[in-house]
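Working notes for the structure below.
Count residues from 1 along the sequence.
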Amino acid sequence: MGEQGRFAVVSGGGTGIGAAVARGLVADGYDVLIVGRRAEVLLSTAERIGAECGRPEAVSAVTADLTDPAQLAAVVEAVGERTVDAVVNNAGGYLGGPTDTLADVATWWRANLDANVLTAVLLTEALLPALRRPGGRVLLISSIAAQRGGAGPYSAAKAALHGWAYDLAAQLGPDQITVNVVSPGYVAETEFFGDRMTADGHAKRVAATLVGRAGVPDDIAAAVRYLVSPAAGYVTGQVLGVNGGSVLGR
């Protein structure tokens, strides 16, 4: 694709899907700012991607908890005067917690909504003034759980991204900025499941696909690379499922 001179911001960019997205964009000629909460992980990933792609200065990192509005200032400062071509909102994950009392339930739900929705809203809002006009791209990483359920507040939070994406696409369309959602199915080689994944759980998820394999982070990165490219300029307000056929399009 070779988009030389372009600049992207990727949240949750230290590991898994976020790191694969960052590496793919660097390979396409972008400079990338990765954002996350773990400084050592971010710096290690930035160095690794730069070395692998032969562009050691291409990836920079900033540490910020995107659920905290005050910490967005660090991201805006790191962007500086640069025009942002793409914002990839990948931060989030399933957060467990006790549900013994209503207060516990409220805390659990708020934590998942903050981690998966508020992070995307605050990062996108903070960077809206810097987005390229025309031609900017906003990507939201959702989940198959938004379409089929199964994960309580995480499912609800990811589904909320879909509705917000439609509104944001309408808001930014006149500026020729597109907004789309990538909804991954089961993706191995990430930290998402932690130590919760079993051999049986893996086998069941693979069996639910039509292609007979788990996804990998590069599968999701490939979808993002298309949607941020000029080739996708007429695609906006869409949810792209990348799930091996385990949930069919509709």
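Looking at S44, its side chain never comes within 3.5 Å of a backbone N or O of V41 through a donor-acceptor pair. Although no hydrogens or angles enter the test, the distance criterion places no donor-acceptor pair under 3.5 Å between the side chain of D85 and the main chain of A8. Side-chain atoms of R137 come within 3.5 Å of backbone atoms of L227 as a donor-acceptor pair (strictly under, hydrogens ignored). N90 places no side-chain N or O within donor-acceptor distance of the main-chain N or O of I141, the cut-off being under 3.5 Å. No side-chain donor-acceptor contact under 3.5 Å links R213 to the backbone of T209. The main-chain N or O of V235 is found under 3.5 Å from a side-chain atom of N180 such that the two form a donor-acceptor pair. A donor-acceptor pair is defined here as one N or O able to donate and one able to accept, closer than 3.5 Å; no such pair exists between the side chain of T119 and the backbone of L66.
No more than 12 heavy atoms of other residues, nucleotides or ligands sit less than 6.0 Å from atom CG of L102.
Pairs engaging residues 171-186 under the salt bridge (Lys or Arg N to Asp or Glu O under 4.0 Å) rule: R133-D175 [sequence neighbours left out]. Every pair tested for side-chain hydrogen bond (donor to acceptor under 3.5 Å, both in side chains) that includes a residue from residues 230-248 fails, sequence neighbours excluded, so the list is empty. Residue pairs meeting the salt bridge (Lys or Arg N to Asp or Glu O under 4.0 Å) criterion with at least one member in residues 61-79, sequence neighbours excluded, do not occur.
Legend: residues meeting side-chain contact (heavy atoms from CB on, under 4.5 Å) with A58, ordered by chain and number and at least two apart, are V26, D31, R55. When the side-chain hydrogen bond (donor to acceptor under 3.5 Å, both in side chains) test is applied to D114, no partner is found at least two apart in sequence or on another chain. For A223, the side-chain contact (heavy atoms from CB on, under 4.5 Å) partners are V182, L240, V242, not counting sequence neighbours. The salt bridge (Lys or Arg N to Asp or Glu O under 4.0 Å) search around R23 returns E52, not counting sequence neighbours. Every side-chain contact (heavy atoms from CB on, under 4.5 Å) that A74 has, sequence neighbours left out, goes to V62. Applying the salt bridge (Lys or Arg N to Asp or Glu O under 4.0 Å) rule to R110 yields no partners; only residues at least two apart in sequence or on another chain are considered. Residues forming a side-chain contact (heavy atoms from CB on, under 4.5 Å) with T99 (at least two apart in sequence, or on another chain): V105, W108.
In plain terms, the two heavy atoms of N116 and G92 that are nearest each other are OD1-CA, 3.3 Å. Nearest heavy-atom pair across S11 and A91 is OG-N, 3.0 Å. Nearest heavy-atom pair, S142 versus P184, reported as atom, atom and distance to 0.1 Å: O-CD, 3.3 Å. For the residue pair S183 and V239, the shortest heavy atom distance occurs at CB-CG1, 4.0 Å. Listed here is the closest heavy atom pair of P98 and D104: O-CB, 3.2 Å.
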Please output the side-chain donor-acceptor pairs of residues 166-173 that fall under 3.5 Å, not counting sequence neighbours, one pair per line with the distance.
none

Acceptor/donor pairs from residues 120-128 side chains to any protein atom, 3.5 angstrom cut, sequence neighbours excluded:
from: T124; atom 1: OG1; to: N89; atom 2: ND2; distance (Å): 3.0
from: T124; atom 1: OG1; to: A120; atom 2: O; distance (Å): 2.8

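A chain of hydrophobic side-chain contacts below 4.5 Å, direct or via other Ile, Leu, Val, Met, Phe, Trp or Tyr residues, connects L140 to V9. When hydrophobic clusters are built by joining Ile, Leu, Val, Met, Phe, Trp and Tyr residues whose side-chain heavy atoms come closer than 4.5 Å, directly or via intermediates, L139 is not grouped with V181. V10 and Y226 fall within the same hydrophobic cluster, where Ile, Leu, Val, Met, Phe, Trp and Tyr residues are linked whenever their side-chain heavy atoms come under 4.5 Å apart, directly or through other members. Linking Ile, Leu, Val, Met, Phe, Trp and Tyr residues whenever their side-chain heavy atoms come within less than 4.5 Å leaves Y94 and L113 in two separate clusters.
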